[in-house]
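Down below is the structure, laid out as structure tokens.
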Amino acid sequence: MKELIINERDNVAVMLEGELRGHKVALRDIKEGEDIIKYGYKIGHAITDIKKGEHVHTHNIKTNLSGTLEYKYERTGYELKPQPKRTFMGYVRENGAVGIRNEIWIVNTVGCVNKTSEILAREAQKLYGDRCDGVFNFVHPFGCSQLGDDQATTQAILKGMVNHPNAAGVLVLGLGCENNNIGVFKPLLGEINEKRVKFMSTQEHDDEIEEGLKLIGELVDYAETFKREECDLSKLVIGLKCGGSDGFSGLTTNPLIGRVSDKVIASGGSTILTEVPEMFGAETILMNRATDEATFEKVVSLINDFKEYFMRHNQVVYENPSPGNKKGGITTLEDKSLGCVQKSGSADVVDVIQIGEHVKKQGLNLLTGPGNDIVAVTNLTASGCHMILFSTGRGTPVGAPVPTVKIATNNDLAGRKPHWIDFNAGPIIEGADLSDELLDYIISVANGEKTNNEKNGYREISIFKDGVTL
């Protein structure tokens, strides 16, 4: 049976065939209490003696993770390979930002207007859809009856969406009596272009549909002033995400995404890695790539703050992987995390950003937030990602408000779900590289080629919540 040894230090191999495909087997006898090594790192310890050739999984190993830790900065820097100049055809906004879509977005200040926004998007698409890249709304249940940090998080997400350059025009839609009413929310946006952003409180208009369609028509007029023009690859910001992982995620798709992330950064662009719980157990890899001590301390706070969030809710920090992950061959959180962080490539970590913050420093940025798929892609969108590279070994149709490039870890998934999957990384297991091919596809998406989530209308948001609702 074919098996793959990832690192010469490993004491387990990954099976490439048969019923245990994607799972681990012991390369030698392993004694109870001994660490299990994969990717050259510890992924847990044996809870019983394991014989050479035996299946190594949840029945015989356990995580080494516990609570918060202290860390020491041990700088590990890598020089990225220079890249040839690449360009794409984007929309240059009046403030200098660049978008890869020319859409109209309806951003709700409160969940009470969700149905109103759906009607407006549907009717506006009929009226104006051929004059822009589409009219879209994004429902959520929040914006009222929230307190403290929850309210601030909702506002940060919505602000990030209002300011997203893929939206040529935005209608901010409110009710009027909510905590996050337009009068409260508007000042948080800072300086706005009144031709690009319109506001409507539905309680103030006898016919909110008629008024909303009028305002969207004005936004479409403004959107039509933009035409695609050549832009340098350095203008791209790309989100990095994995969901529904399997035993091949850390062998095919995630390393591929990491190689492409390095190419984008070497070209002057930026990428954003999130899913903090899926850094637990592999966090020192990222910490030691921090550009300086101050950035290192930001990464330490990112990790320990999220562990403390778990502990405040009396949850163990290693309550992951999911049942689907385990079925696919991932055993412990360290196992998942060591595969997950490979999406970051080998670039320096230049900054840590908070929910709703856009990139301030070019390069690899880390974004706070959980691993939940819809929450994570929402956070990446709100931080200004033009598109998201989404690794999956199990498959999912979920999509962000921005193009969400689903990359399959294996040939079987790509073959069964072509309406979900945009790119197949399966051939990498046989020695292919595919990084040039994926970068070419990214540029084609930036140029306007639609991903499956766009074709199928899979555009969703989910706002992170951690507090009291009145």
**Q.** Worked verdict on K343 versus E278 for salt bridge (charged side-chain N to carboxylate O under 4.0 Å, His left out)
**A.** CA-CA 11 Å; K343 298 194 303 295; E278 295 175 22; 5.7 Å; no
Q: Decide yes or no on side-chain hydrogen bond (donor to acceptor under 3.5 Å, both in side chains) for D246 and T409, but give the supporting numbers first.
A: CA-CA 8 Å; D246 68 357; T409 69; 3.0 Å; yes
Q. Can you list the steps and then say if D422 with T451 is a side-chain hydrogen bond (donor to acceptor under 3.5 Å, both in side chains)?
A. CA-CA 6 Å; D422 300 289; T451 55; 5.0 Å; no
Q: Please step through side-chain contact (heavy atoms from CB on, under 4.5 Å) for the pair K361 and I353, ending with a clear verdict.
A: CA-CA 10 Å; K361 296 181 180 179; I353 58 178; over 6 Å; no
Q | Evaluation steps, side-chain hydrogen bond (donor to acceptor under 3.5 Å, both in side chains), between T154 and Q146 | A | CA-CA 9 Å; T154 295; Q146 292 183 289; 2.9 Å; yes
Q | Trace of the side-chain contact (heavy atoms from CB on, under 4.5 Å) decision for C177 with Q203 | A | CA-CA 8 Å; C177 56; Q203 289 175 343; 3.3 Å; yes
(Q) F464 vs F142, test: ring-ring contact (aromatic ring centres under 6.0 Å, His included). Steps then yes/no. (A) CA-CA 10 Å; F464 183 55; F142 300 125; over 10 Å; no
Q) Please walk me through it: do E229 and Y91 pass side-chain hydrogen bond (donor to acceptor under 3.5 Å, both in side chains)? A) CA-CA 6 Å; E229 54 187 285; Y91 297 97; over 6 Å; no
Q | Working for side-chain contact (heavy atoms from CB on, under 4.5 Å), residues E334 and T63 | A | CA-CA 7 Å; E334 298 101 307; T63 180; 2.7 Å; yes
Q. Between E454 and R459, does a salt bridge (charged side-chain N to carboxylate O under 4.0 Å, His left out) hold up when you go through it step by step?
A. CA-CA 7 Å; E454 294 179 283; R459 295 166 175 256; 3.6 Å; yes
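For the pairing with Y441, the side-chain contact (heavy atoms from CB on, under 4.5 Å) check across V405, V260, L389 returns one residue only, V405. For the pairing with I272, the side-chain contact (heavy atoms from CB on, under 4.5 Å) check across D351, L240, V237 returns one residue only, V237.
Side chains of T378 and V375 form no contact here, defined as non-hydrogen atoms less than 4.5 Å apart. Within the 4.5 Å cutoff, the side chain of F306 has heavy atoms near those of the T368 side chain. Between S462 and H140, the closest side-chain pair of non-hydrogen atoms is not below 4.5 Å. K326 places a side-chain heavy atom less than 4.5 Å from the side chain of H57. A heavy-atom distance below 4.5 Å is not found between the side chains of Q362 and V350. Annotation: side chain of N365 is not in contact with side chain of T271 (no heavy-atom distance under 4.5 Å). Put simply, the side chain of T291 does not reach to within 4.5 Å of the side chain of V349, judged on heavy atoms.
Between P165 and A97 the shortest heavy-atom distance is CB-CB, 4.0 Å. When all heavy atoms of H386 and V402 are compared, the closest pair comes out as O-CB, 3.4 Å. Nearest heavy atoms, S117 versus N137: OG-ND2, 2.8 Å. A pairwise comparison of heavy atoms in R101 and R93 identifies O-NH2, 2.8 Å as the closest pair. Contact detail for V92 and C231: the closest heavy-atom pair is CG2-SG, 3.8 Å. Considering every non-hydrogen atom in both G77 and D348, the closest pair reads CA-OD1, 4.1 Å.
Within the model, atoms CD1 of I285 and OH of Y39 stand 10.5 Å from one another, a figure rounded to the nearest 0.5 Å. Between the CG atom of L439 and the OG atom of S261 there is a distance of 11.0 Å, given to the nearest 0.5 Å. One distance of note links CD1 of I265 with NZ of K263; it measures 13.0 Å at 0.5 Å rounding. For the atom pair CZ of F136 and CZ of R122, the computed distance is 15.0 Å after rounding to the nearest 0.5 Å. Once rounded to the nearest 0.5 Å, the distance linking CG of L175 with CD1 of I182 reads 9.5 Å. Taken from NZ in K417 to CG in N424, the straight-line distance is 15.5 Å, to the nearest 0.5 Å.
For the pair K195 and Y222, the cation-pi test (distance below 6.0 Å, angle within 45°) is failed. Relative to the six-membered ring of F199, K186 meets both conditions, a distance below 6.0 Å and an angle of at most 45° to the axis. Judged by the 6.0 Å and 45° rule, K235 forms no cation-pi pair with F88. Cation-pi contact between R289 and Y78: absent, since separation from the ring centre below 6.0 Å together with deviation from the ring axis within 45° is not met.
Side-chain polar atoms of E449 and S444 form a donor-acceptor pair below 3.5 angstrom. Looking at Y73 and E297, their side chains never bring a donor and an acceptor atom within 3.5 Å of each other. In this model, a donor atom of one side chain and an acceptor atom of the other lie less than 3.5 Å apart for N114 and N108. With 3.5 Å as the limit, one finds no donor-acceptor pair spanning the side chains of H419 and N452. There is a side-chain donor-acceptor pair under 3.5 Å between D262 and S346. Judged purely by distance below 3.5 Å, without hydrogens or angles, the side chains of N180 and Q155 pair a donor atom with an acceptor atom. T109 and E178 are linked by a side-chain donor-acceptor pair at a separation below 3.5 angstrom, with hydrogens and angles left out of the test.
Shown here is E210, whose CD atom has no more than 12 heavy atoms of other residues, nucleotides or ligands within 6.0 Å. For NZ of K455, the number of neighbouring non-hydrogen atoms (other residues, nucleotides, ligands) closer than 6.0 Å is greater than 12. No more than 12 heavy atoms of other residues, nucleotides or ligands sit less than 6.0 Å from atom CG of D149. Heavy-atom contacts from other residues, nucleotides or ligands closer than 6.0 Å to NZ of K360 number more than 12.
Proximity of a side-chain donor or acceptor of R196 to a complementary backbone N or O of A167 within less than 3.5 Å is detected. In this structure a side-chain-to-backbone donor-acceptor pair under 3.5 Å is present from S344 to V341. Looking only at distances, no side-chain donor or acceptor of N179 sits under 3.5 Å from a matching main-chain atom of G143. Between the side chain of T392 and the backbone N or O of G243 there is at least one donor-acceptor pair closer than 3.5 Å.
Note on K214 versus D207: no salt bridge recorded, every NZ/NE/NH1/NH2 to OD/OE distance being 4.0 Å or above. Between K159 and E357 there is no salt bridge, since none of the side-chain N atoms of the basic residue sits less than 4.0 Å from a carboxylate O of the acidic one.
D150 is linked by a salt bridge (Lys or Arg N to Asp or Glu O under 4.0 Å) to K465, counting only residues two or more places apart in sequence or in another chain.
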